[in-house]
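Proteins come first, then strands; the chains are lettered A, B, ... in the order of their sequence lines, and each starts at number 1. Side chains are part of it too, since the values below use all heavy atoms of this structure and drop only hydrogens, waters and symmetry mates.
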Amino acid sequence: MSEKIKIENLTKIYPQNGRNIVGISDINLTIKEGEFVGILGHSGAGKTTLLSLIGGLIKPTRGRVLIDGIDIFSLSDEELSRLRNEKIGFIFQFSSVIPTLSVIDNVLLPLYFAKKPPSDYYSRALVLLEKVGLEGYEDRYAYQLSGGEQRRVAIARAFINYPEIILADEPTGDLDEDTEREIAKFFVEMQKEENLTFIVVSHNPEFIKDLCKCSKVYFMRKGKIYEKKD
Amino acid sequence: MKRRIKIINLVLSNIKRKYSRSAILIVSVALLIFMFTFFILILATITTSLEKFSSRLGADVIVVPQGAGAPGEEFLLEAKVRQFYMKKDLYDKIREFEGIEKITYQTFVGVLDKNIKVIAIDPETDFIIKPWVENKKLNKGEVFLGAEAYKYFGNIKKGDMIKIFGKDFKVADIMDKTKTGMDYSVFITEEDMIDLIKENPNINVREDQISVILIKSSQEMDAGVLAYEIENGYPQVDTIYVKKIGEKVRKFISNMSKIFSVVLVVSSVLSVLLIANIFTMIINERRREIGILRALGASNRGVMKVLLLESVFLGIIGSSLGIIFGLILGWKLLSSLKMPFIEINMVIVSLIVMAGIAIGVAISGFGVSVSLIKIRKIEPLTLIKGE
Ligand SMILES: Nc1ncnc2c1ncn2[C@@H]1O[C@H](COP(=O)(O)OP(=O)(O)OP(=O)(O)O)[C@@H](O)[C@H]1O
Ligand SMILES: [Mg+2]
């Protein structure tokens, strides 16, 4: 298995009113292709910061992130955007659907910016919606959905572009237990079927260990990351 | 049914869903373009129409009785009835001036209903009416009818008989539209006028009177100089130098231009500020959305493309509305001036349409670009978190 993501001395410091707040500090980590990684940690530990750095959504203070051997922060805006568009599927901790668009357009949204969208995009979108329990929702507007339904639209969207990497930040934060279980099942299935390099973040150990059965589990604390072996 | 993943669909559904936001933008662009269209149409139409007027008239110097300069102009330019006379022997004297190529005179006989004037001409020397009537000479007992005056007599045609002041006349020809006071006139011969004076006590012009002398200066002669010399030589007359005609209208235009430039500058500044503000508001409101697009793989250019397309689309709608209303109201105002010489010029209209759309699109495109520059440096995560 090849190294899909390599993180070297990665540090993010947020300047805030003259004080420096440490997001993550000096993290080294290698994630192999097809690995299903779970990251646990309390609020403020740096989980979102780490995931955002891996996806190039923020710039590091120090260190590098290599995806398939390419230092993503050496890329131009166009190149980095393209990498995100083609290789990465994001599930954000924050609400991330566009309320004025229909459910199907929200799912298809990454493809609007793709160089060449997959030919089966429409049927794939419908299948993904069905798998997250939103069959028949495609023509409703996103603002007409509940918070949990919007979250599931965002989950379906992360897979539309046949990504190689999924970065899921608290993907089930506002879902009930049954739905959480469904989503975990969907993740496991997708990860296997499409050999995804999958990183899922949660504060809930049960979700990471029992439901997602992550092959590797890390624990974050005060900007540092530790491998959890038990 | 397969959904097309084209950016334009994204743009359209955004516009459709956020209709109040779209409407505000459309209206503010429309307002600016409306003012632009309205004023430019009026100014440019009057200016170019006046230029054409002198060539339509055929004469470049007009002699009227002293003090009748202004009413003389109104007589020529507008559909108004103006009555003034001078001695006919002045014509014989002025004819002797150097530098005259053609000279003729006309006499105001009276008025039919609805501002239709009856004017006597001298068929031997006439060069004013001639170009508009297929080169026919007017004979005794015949009339030429102006393009508007002819409507007054109802459904008639060439060769029909009509009655003027109780006397029968044969319609020798119906004139082409001249867009001058001639359109509202009926032309008879001087001989018939003399008959009418004898038969009809209501006509108060005398045989030895004329109203205007119309002159075409020769090539070597400057019409302005000729007008000046005639006026100097004969204190009983005033001259109108046709190129300078419409002083009243020109003054109106130059005043309008001043007001216009002030209004346009002030309103453009205000609308640009307003539009820039709306865009900044929109962009701020959409920071989260832009962050999401960036995270999903839209480059800064991709985001710009979406927002530019959207604003260009709204700009086109806004400026089209502004142009339509500007043209309609501008034309209403121009027609209310009741000046037959005013003529819509399609070149001007098309220039206004193109310039209006260009300005509308440029302003909305500029507005969105400026407000985007501020946020393109912000990291996508920050935008999504909505800080
Ligand atoms: N934009 C920012 N400016 C200043 N400090 C920030 C910013 N974003 C995050 N931080 C700080 O960085 C640290 C790590 O934040 P991060 O969002 O990565 O935590 P997290 O593990 O995702 O927490 P949670 O489980 O609550 O989402 C926190 O102390 C946070 O206060
Ligand atoms: Mg977080």
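Contact count versus chain B (heavy atoms, under 4.5 Å) is highest, among A/Ser95, A/Ser76, A/Gly56, for A/Ser95.
The parts of A/Thr100 that come within reach of chain B are both its backbone and its side chain, each placing non-hydrogen atoms under 4.5 angstrom from that chain. Only the side chain of A/Leu101 comes within less than 4.5 Å of a heavy atom of chain B; its backbone N, CA, C and O stay farther away. With a threshold of 4.5 angstrom between heavy atoms, B/Lys305 does not approach chain A through any atom at all. For B/Ile292, the part sitting under 4.5 Å from any heavy atom of chain A is the side chain, from C-beta outward, and nothing else. Proximity to chain A (any heavy atom under 4.5 Å) is shown, for B/Arg294, by both the backbone and the side chain.
When the shell of 6.0 Å around CZ of B/Phe39 is examined, it contains more than 12 heavy atoms from other residues, nucleotides or ligands. Sparse packing is recorded around CD of A/Glu135, with 12 or fewer heavy atoms of other residues, nucleotides or ligands lying under 6.0 Å away. Other residues, nucleotides and ligands place no more than 12 heavy atoms under 6.0 Å from the CZ atom of B/Phe325. Residue A/Tyr162 places its OH atom among more than 12 non-hydrogen atoms of other residues, nucleotides or ligands, all under 6.0 Å distant. Within 6.0 Å of the NZ atom in A/Lys222, the count of heavy atoms belonging to other residues, nucleotides or ligands does not exceed 12.
Interatomic distance, A/Leu108 CG to B/Asn9 CG, rounded to the nearest 0.5 Å: 10.5 Å. The CG atom of B/Leu296 sits 5.5 Å away from the CG atom of A/Leu109 when rounded to the nearest 0.5 Å.
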Take B/Leu381 and A/Thr49 through the side-chain contact (heavy atoms from CB on, under 4.5 Å) test and state the conclusion after the steps. CA-CA 9 Å; B/Leu381 179 70; A/Thr49 303; over 6 Å; no
Worked verdict on B/Leu293 versus A/Phe113 for side-chain contact (heavy atoms from CB on, under 4.5 Å): CA-CA 9 Å; B/Leu293 296 185; A/Phe113 302 95; 3.8 Å; yes
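Remark: the backbone N or O of B/Ala298 is not paired with any side-chain donor or acceptor of A/Arg84 at under 3.5 angstrom.
In this structure, B/Ala295 and A/Phe90 approach most closely via the heavy-atom pair O-CD1, 3.6 Å. B/Ser299 approaches A/Ser81 most closely through the heavy-atom pair CA-OG, 3.1 Å. Closest non-hydrogen pair, A/Tyr112 versus B/Lys6, comes out as CE2-O, 3.2 Å.
A salt bridge does not link A/Lys59 to B/Glu379: none of the charged nitrogens lies less than 4.0 Å from a carboxylate oxygen.
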